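Remarks on the structure that follows.
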Amino acid sequence: MWKMKVTAWFIAVVLVAMLASHLVSGGTHGTVRCTTWNLEWFPNGSARDASPEEQNRRITDAATVLKPLHPDILLLQEVRDYAACNRLGDAIEAGAYHVKFAQHSRNRFKAALADNK
């Protein structure tokens, strides 16, 4: 139960900080699209290491789902590391998403990416 509360607070704090950053940095006045997704052991799919081909497939599959949403702010949970976050961001749109905040917990990583357009 406490893990859910910590995760909820993490998401709330990151969302507020990223929204403020987006607006202060010249973000558009209007709708800000925020998407959150628990990717569960991303990009491996489990606690075991997946092959590079399988990891690439999972990154491509996730990007295929996220790309049409055009999120301004993207909050991710259970991502392996910074590199996996960056690879997903580049798969959505090269150079558009950057890891802004991150929290590492045991073998899992919580991260948030933001659109810097």
Side-chain angles (χ1 to χ4, degrees):
M1 182 68 159
W2 68 270
K3 289 181 183 180
M4 288 182 4
K5 288 182 181 179
V6 169
T7 299
W9 274 107
F10 172 76
I11 290 171
V13 167
V14 168
L15 180 59
V16 168
M18 291 178 73
L19 178 57
S21 173
H22 179 75
L23 295 174
V24 168
S25 67
T28 59
H29 299 287
T31 304
V32 176
R33 290 177 299 273
C34 180
T35 302
T36 182
W37 192 358
N38 183 332
L39 290 164
E40 297 183 17
W41 297 100
F42 188 80
N44 293 321
S46 71
R48 299 183 327 260
D49 282 336
S51 69
E53 295 81 15
E54 178 64 17
Q55 290 180 25
N56 286 336
R57 185 192 64 75
R58 289 180 55 84
I59 288 169
T60 301
D61 289 349
T64 300
V65 171
L66 291 167
K67 191 172 191 168
L69 300 176
H70 304 288
D72 295 308
I73 298 170
L74 178 55
L75 302 169
L76 304 173
Q77 298 86 43
E78 293 194 47
V79 178
R80 183 185 61 205
D81 54 23
Y82 273 92
C85 289
N86 284 325
R87 287 172 59 197
L88 176 57
D90 283 343
I92 296 168
E93 184 178 341
Y97 292 90
H98 305 280
V99 176
K100 293 292 189 179
F101 300 97
Q103 175 186 9
H104 189 270
S105 170
R106 294 189 195 151
N107 293 333
R108 295 194 186 141
F109 190 77
K110 297 173 188 167
L113 287 84
D115 183 355
N116 268 351
K117 290 183 182 177

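A quick note: this is a predicted structure, and the numbers were derived from the prediction, not measured. Reckoned from all heavy atoms, side chains included, excluding hydrogens, waters and symmetry mates.
We find the CG-OG1 distance between L74 and T36 to be 8.0 Å, quoted to the nearest 0.5 Å. Note that CG of L66 is 8.0 Å distant from OH of Y97, once rounded to the nearest 0.5 Å. Note: K100 NZ to I73 CD1 = 10.5 Å, rounded to the nearest 0.5 Å.
For R87, the side-chain contact (heavy atoms from CB on, under 4.5 Å) partners at least two apart in sequence or on another chain are Q55, N56, I59, R80. Under the salt bridge (Lys or Arg N to Asp or Glu O under 4.0 Å) criterion, D61 pairs with R57, not counting sequence neighbours. Applying the side-chain contact (heavy atoms from CB on, under 4.5 Å) rule to T60 yields the partners T64; only residues at least two apart in sequence or on another chain are considered. Not counting sequence neighbours, the partners of S46 by the side-chain contact (heavy atoms from CB on, under 4.5 Å) test are R48. Taking the side-chain contact (heavy atoms from CB on, under 4.5 Å) definition, one finds that A63 meets it with L88, A91, I92, sequence neighbours left out.
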* To do: Might you work through the side chain to side chain contact (heavy atoms under 4.5 Å, CB included) test for D72 and R33, ending with a clear yes or no?
  => CA-CA 5 Å; D72 295 308; R33 290 177 299 273; 3.9 Å; yes
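Under the 3.5 Å distance criterion, the side-chain polar atoms of N44 are left unmatched by any main-chain donor or acceptor of A47.
Across every non-hydrogen atom of G95 and D90, the tightest pair is N-OD1, 3.2 Å.
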